[in-house]
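A short worksheet on the structure shown next.
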There are 2 protein chains.
Amino acid sequence: MTLKDLAKELGLSPTTVSRALNGFPEVSEATRKRVVAAADAYGYRPNMRARSLATGRAMAIGHVLPLSSEHEMMNPVFADFVAGAGEIYAKAGYDMLISIVAEAEQARAYEEFKHKGSVDGIIVHAPRMGDPRINLITEVDIPFVVHGRASQSDVPYSWVDMNNQRAFQRATTHLLDLGHRRIALVNGLENMDFAIRRRRGFEAAHEARGVPHDDSLKFSGEMTEQFGHDTTRALLARPDAPTAIISSSMIPGIGIRRAIREAGLEMGRDVSVIIHDDDLSYLPNGGDEPLFTATRSSVRDAGRRAARMLLDIITSGDTTPRTDLLEAELILGPSTGPAPVAARMTDIS
Amino acid sequence: MTLKDLAKELGLSPTTVSRALNGFPEVSEATRKRVVAAADAYGYRPNMRARSLATGRAMAIGHVLPLSSEHEMMNPVFADFVAGAGEIYAKAGYDMLISIVAEAEQARAYEEFKHKGSVDGIIVHAPRMGDPRINLITEVDIPFVVHGRASQSDVPYSWVDMNNQRAFQRATTHLLDLGHRRIALVNGLENMDFAIRRRRGFEAAHEARGVPHDDSLKFSGEMTEQFGHDTTRALLARPDAPTAIISSSMIPGIGIRRAIREAGLEMGRDVSVIIHDDDLSYLPNGGDEPLFTATRSSVRDAGRRAARMLLDIITSGDTTPRTDLLEAELILGPSTGPAPVAARMTDIS
DNA sequence: CTGAAAGCGCTAACAC
DNA sequence: GTGTTAGCGCTTTCAG
């Protein structure tokens with residue numbers, strides 16, 4: 001059933017039918033009712049490809065994420081972000097196109113998106129420090145919003161991001177105010193933008209409280225359980241072991257828990273641990289475990305906001321860069337001051 | 001730069017240029033070379049919408065997942081599956097469309113996909129027992145492949161799935177052969193197809209070895225850490241506590257570990273635990289923890305296979321249902337026979 | 001081997 | 001208010 005068929009059935013011209021269906025003002029209410037009823041009855045669905053070709057709008061948004069981040073904490077985060085964005089697109093009648101592209105082919109990917117005309121806008125995921133993609137996509141001249149930020153980028157651009165610095169500053173301050181003076185930071189690789197901001201927050205908290213921060217307590221690596229485990233093991237074996245640890249993500253957090261247990265220590269009593277997780281839904285805080293604290297914010301909401309921002313840019317045509325910084329919702333749970341860690345250790349070989 | 005522009009530049013007709021670019025045989029090698037070179041030089045990219053309209057092929061695949069499964073173990077699994085599928089699509093020049101649709105709107109979603117002409121085929125995720133979507137989509141008459149299976153469906157359909165029954169049968173057999181006689185199963189909700197199959201495998205192993213399986217040792221619930229924790233806690237408090245536990249997923253597995261530790265027991269010594277995870281990359285088995293065993297298979301590979309299957313169905317036009325059952329790659333790690341659990345327990349209040 | 005012409009299904013001037 | 005006429009950019013008969 002095409003528009004033409006429907007028009008023939010109704011004894012009208014395709015134009016009128018089109019206008020009636022698309023809510024143009026110049027069609028009479030009577031005809032509109034007839035047309036809509038008939039369209040409904042015949043189960044008519046406009047062909048988007050044809051409409052796209054005629055209007056120039058694809059009614060689709062592309063999400064691009066670099067293949068290289070497949071083993072980062074990106075995986076679950078990405079899924080949630082996309083779910084949130086998808087919600088908004090669905091409401092607005094847009095489709096969502098996902099493409100996972102190797103670093104080297106990013107430039108081509110954007111160009112293709114543009115020239116193939118398959119999307120009206122793009123969401124860029126997992127930016128690095130000074131990510132070259134920002135420049136690439138700006139040149140291609142297609143509306144886009146970055147999920148996260150890319151420090152040191154020389155061109156202005158639109159983004160939606162969590163306030164990573166603030167979240168870590170608050171978490172760190174919390175520990176400092178409890179009396180902790182040696183706090184370790186288990187962070188992601190510093191080529192990821194968020195990792196740098198988190199470290200800055202960690203340091204800022206120290207500076208604000210006049211407590212020196214020891215570089216030998218700051219670690220950055222791939223966010224695996226192994227990394228959390230080994231780092232913590234080594235930390236606890238030191239004569240100047242920290243009394244608290246802040247983990248940048250859930251996964252190394254699991255390793256941290258394990259290492260603490262292996263050392264014969266107890267979380268929340270001997271060592272305070274804060275595990276930051278962008279979306280706690282994966283690892284609900286059991287409550288009865290002495291897991292010290294956790295920070296929380298909704299990635300899904302970030303997805304929704306990014307989608308709304310992009311759609312607005314597209315429909316308004318106003319491409320002046322806009323930004324949206326989401327405050328993390330911190331859950332700073334059952335707390336305790338510093339304990340003489342080293343004294344309580346049994347065997348960590 | 002459109003085909004017409006390019007043709008004009010070359011002093012050829014659009015037809016010839018099209019044929020040259022699309023590898024039709026009747027064009028001379030000389031012209032083809034010229035055309036290809038020019039296309040390259042000008043950075044010409046065919047407009048997919050126009051091509052789609054002309055050919056009737058959308059060159060895109062839709063992935064539909066029900067909104068209801070957002071809090072299932074679906075999240076990370078979905079991300080990986082999609083990454084694998086995306087790889088194949090990219091190579092074949094297809095786009096990937098994702099839509100997250102509420103249960104109630106599934107029927108309409110498929111119809112829209114079909115009539116809007118935005119995709120050539122669909123991948124259905126997270127099927128339930130006798131999932132009605134299978135019938136819906138079959139009626140709509142668009143090629144599709146199901147990721148997982150929906151038992152009790154009356155129509156035949158194509159699917160790619162893990163051999164969940166076999167994986168759990170093997171894991172259970174492993175424990176039985178070590179001498180365990182009371183094994184608990186911490187499983188997902190049984191409206192999910194895989195949960196049922198896993199239980200069947202668990203039971204089949206017992207039957208094959210002539211060991212009775214106790215219904216009071218089988219649990220099914222939402223796969224949260226809390227569920228794993230509470231179940232294990234209660235299990236260990238029983239006078240007839242099991243000597244081994246099999247967990248259907250990583251997340252409750254974390255709770256299981258915690259409950260065992262809280263009970264003053266040690267995994268792999270006092271209680272043998274097998275945590276099944278479709279993709280261990282999220283929780284690398286540390287190796288030095290007495291985590292007993294784990295099963296492993298690549299969700300990403302399943303995504304690749306499903307994508308290939310669907311593309312083949314589409315291009316060949318042969319819609320006779322095909323199936324692909326992937327064997328899980330089991331890692332049945334450091335093992336131990338049963339220990340008198342109850343005797344070793346300290347305090348679990 | 002190449003080109004002219006028609007059309008995919010829809011929208012958007014421009015008339016009436 | 002409604003219809004007519006051109007396209008959107010590409011593929012595909014059908015001629016030559």
Side-chain angles (χ1 to χ4, degrees), chain A residues 1-36 38-39 42-60 93 95 111-120 315, chain B residues 1-36 38-39 42-60 93 95 111-120 315:
Chain A
M1 174 63 59
T2 73
L3 191 76
K4 210 197 271 177
D5 297 337
L6 189 60
K8 205 161 285 171
E9 287 302 329
L10 285 163
L12 288 170
S13 80
T15 319
T16 306
V17 176
S18 169
R19 285 197 274 238
L21 258 24
N22 291 302
F24 278 64
E26 62 270 67
V27 67
S28 84
E29 263 320 305
T31 2
R32 166 162 293 136
K33 282 222 170 89
R34 256 182 72 215
V35 172
V36 170
Y42 289 105
Y44 165 75
R45 299 258 188 278
N47 180 314
M48 291 309 288
R49 299 183 300 230
R51 175 182 288 180
S52 273
L53 189 56
T55 60
R57 281 166 305 141
M59 294 305 283
D95 284 332
E111 266 207 2
E112 279 205 349
F113 259 157
K114 163 91 176 196
H115 292 286
K116 294 202 311 184
S118 30
V119 304
D120 299 319
T315 53
Chain B
M1 173 64 61
T2 74
L3 190 76
K4 210 197 274 178
D5 298 337
L6 189 60
K8 204 161 287 169
E9 286 305 327
L10 286 162
L12 286 170
S13 80
T15 319
T16 306
V17 175
S18 170
R19 285 199 274 240
L21 257 24
N22 290 300
F24 280 63
E26 61 269 64
V27 67
S28 83
E29 261 322 303
T31 0
R32 164 161 295 134
K33 282 225 170 85
R34 254 183 73 215
V35 171
V36 170
Y42 289 105
Y44 166 75
R45 300 260 187 278
N47 180 314
M48 289 311 287
R49 296 183 302 226
R51 174 182 286 178
S52 271
L53 190 57
T55 59
R57 282 167 302 140
M59 295 304 284
D95 284 331
E111 267 207 1
E112 280 205 347
F113 259 158
K114 163 90 175 198
H115 291 286
K116 293 202 309 184
S118 28
V119 303
D120 299 318
T315 53

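From a predicted model like this one, the values you see are computed outputs, not experimental measurements. Throughout, protein chains are lettered first and strands after them, A, B, ... in sequence-line order, and every chain is numbered starting at 1.
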### side-chain hydrogen bond (donor to acceptor under 3.5 Å, both in side chains) against T55(B), all qualifying residues, sequence neighbours excluded
none
### Query
Which heavy-atom pair separates Y44(B) from M1(B) by the least distance, and what is that distance?
CD1-O, 3.2 Å
### Task
Mind calculating the distance between NZ (K8(A)) and P (dC10(C)) to the nearest angstrom?
13 Å
### Query
Reading DNA chain D 5' to 3', which nucleotide is the first, and which the last, to come under 4.0 Å of any heavy atom in chain A?
dG1(D) to dG9(D)
### Task
Mind listing the closest non-hydrogen atom pair of R49(B) and G56(A) along with its distance?
NH1-O, 3.6 Å
### Task
Map T16(B) and T55(B) onto DNA chain C by nearest heavy atom, then report which one ends up closer to the 5' terminus.
T16(B)
### Query
In chain order, what residues pass the side-chain contact (heavy atoms from CB on, under 4.5 Å) check against K116(A), with sequence neighbours excluded?
E112(A), S118(A), M48(B), D95(B)
### Query
Please give, in whole Å, the distance from dT2(C) C1' to R32(B) CZ?
13 Å
### Message
For D120(A), give me all partners under side-chain contact (heavy atoms from CB on, under 4.5 Å), at least two apart in sequence or on another chain.
### Response
R57(A), A58(A), Y94(A), I314(A)
### Query
What bend angle does the helix from dC1(C)-dG16(D) to dC16(C)-dG1(D) show across its length, from five-pair end axes and to the nearest 10 degrees?
40°
### Query
Which residues satisfy the side-chain contact (heavy atoms from CB on, under 4.5 Å) test with A50(A), sequence neighbours excluded?
N47(A), L53(B)
### Task
Consider only side-chain N and O atoms of S18(B) and T15(B), and report whether a donor and an acceptor are under 3.5 Å apart.
no
### Query
Listed in order of residue number, which residues of residues 44-53 of chain B have a non-hydrogen atom at under 4.0 Å from DNA chain C?
L53(B)
#### Entry: DNA chain C contacts among residues 18-28 of chain B, heavy-atom distance under 4.0 Å
R19(B), E26(B), V27(B), S28(B)
### Query
Roughly how far, to the nearest 0.5 Å, is CG of L10(B) from OH of Y42(B)?
7.0 Å
### side-chain hydrogen bond (donor to acceptor under 3.5 Å, both in side chains) partners of R19(A), counting only residues at least two apart
none
### Task
Work out which heavy atom in A20(A) is nearest to a heavy atom in R32(A); give both atom names and the distance.
O-NE, 3.2 Å
### Query
Can you list every pair that meets salt bridge (Lys or Arg N to Asp or Glu O under 4.0 Å) and has a residue in residues 4-18 of chain A, with sequence neighbours left out?
none
### Message
Holding to side-chain hydrogen bond (donor to acceptor under 3.5 Å, both in side chains), I want the full list of residues that pass it with E26(B), two or more places apart in sequence or in another chain.
### Response
none
### Message
Suppose we call a contact any N or O donor and acceptor under 3.5 Å apart; does that hold for the side chain of T15(B) and the base of dA4(C)?
### Response
yes
### Query
Listed by chain and number, what are the side-chain hydrogen bond (donor to acceptor under 3.5 Å, both in side chains) partners of E111(B), not counting sequence neighbours?
R45(A)
